[in-house]
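Have a look at the structure below, then the notes.
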Amino acid sequence: MYTINDMPAPVPPAHLDLLSGVETATVGHWRLFGFMHHGIQPLLRGKRVVGTAVTVAIPGPDSTLLHHATGLLRPGDILVVDRLGDDRHACWGGGVTVAAKAAGAVAGIVDGPCTDLAEIEDSDFPIWARGISPITTRLYDLGGGLNIPVSCGGVVVMPGDAVLADDSGVLVLPRAEVEAVAGEALRRQEVGRERELTVKHGAKLGEVSGASRKVLARGAA
């Protein structure tokens, strides 16, 4: 059986533009949820992407629905693949990469391994995954779900969520929270840049951050 739902409305471009200036690690300074497990790593370094989540859930050895889904992708989409616990079979390789990029998708995120790393690098298409495997999926027609709630890296991803991914990891945000989270992150990044500048010019990090005051106060007790 296949569950096929409509494609989600894209996240508003203005919100994605705002989010594109944010580092996932900045949000990690105060937010504790929405971050995928650190085992999901970028296969290409130096990439930062934002986009609208299109979700797929497919069983271990099968990628029939994934192939179908690439034909529905739109510019700005990020395909998020729930492997339903499988960590042996690589569902994403060179062919899926070419198809996703041709459709205008900006990235793929797979809760499992990928394959064909050289082809992914040649395509310059950002992928986040749990490593590489030579054992690939087949078109077994076992079923799955498209644009359903999925679990990826321990995070519930809804179709239409906003996704931010960079060298530090992957963050998923409900679209209603993007503006507030991005605004706070950009404010903190500016404060951080100013702090780093003062430290470069001789200030002590512990004094600037307040850590030294805490340590000295505790030591004097």
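Just so we're clear, the structure is a prediction, and the values are computed from it rather than from any experiment. Each residue takes its place number in the sequence, starting with 1.
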Problem set entry | Between Thr115 and Trp92, a side-chain donor and acceptor under 3.5 Å |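 Thr115 vs Trp92: no donor-acceptor pair found between side chains.
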For this session: Would you tell me whether Glu207 and Ser212 have side-chain atoms, one donor and one acceptor, within less than 3.5 Å of each other?
Result: no
Problem set entry | Verdict with reasoning, Val81 to Leu66, per side chain to side chain contact (heavy atoms under 4.5 Å, CB included) | CA-CA 8 Å; Val81 185; Leu66 178 60; 4.1 Å; yes
Is there a side-chain contact between [X] and [Y] (heavy atoms, below 4.5 Å)?
X	Y	answer
Glu177	Arg31	yes
Leu139	Ser63	yes
Pro149	Val157	no
Leu44	Ile127	no

For this session: Inspect the contact between Glu190 and Arg187 and indicate whether a charged nitrogen and a carboxylate oxygen are less than 4.0 angstrom apart.
Result: no
Problem set entry | Salt-bridge criterion met for Glu196 and Lys200 (N-O under 4.0 Å) | no
Exercise. Ignoring hydrogens and geometry, is there a side-chain-to-backbone donor-acceptor pair from Arg138 to Thr136 under 3.5 Å?
Worked result: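 Such a contact is found between Arg138 side chain and Thr136 backbone.
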Problem set entry | Donor-acceptor contact present, side-chain Arg175 to main-chain Gly160, <3.5 Å |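 Yes, Arg175 side chain to Gly160 backbone: donor-acceptor pair under 3.5 Å.
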Exercise. Quick one: which of Asp167, Asp124, Asp166 gives a side-chain hydrogen bond (donor to acceptor under 3.5 Å, both in side chains) with Lys47?
Worked result: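 Of Asp167, Asp124, Asp166, side-chain hydrogen bond (donor to acceptor under 3.5 Å, both in side chains) with Lys47 is met by Asp124 alone.
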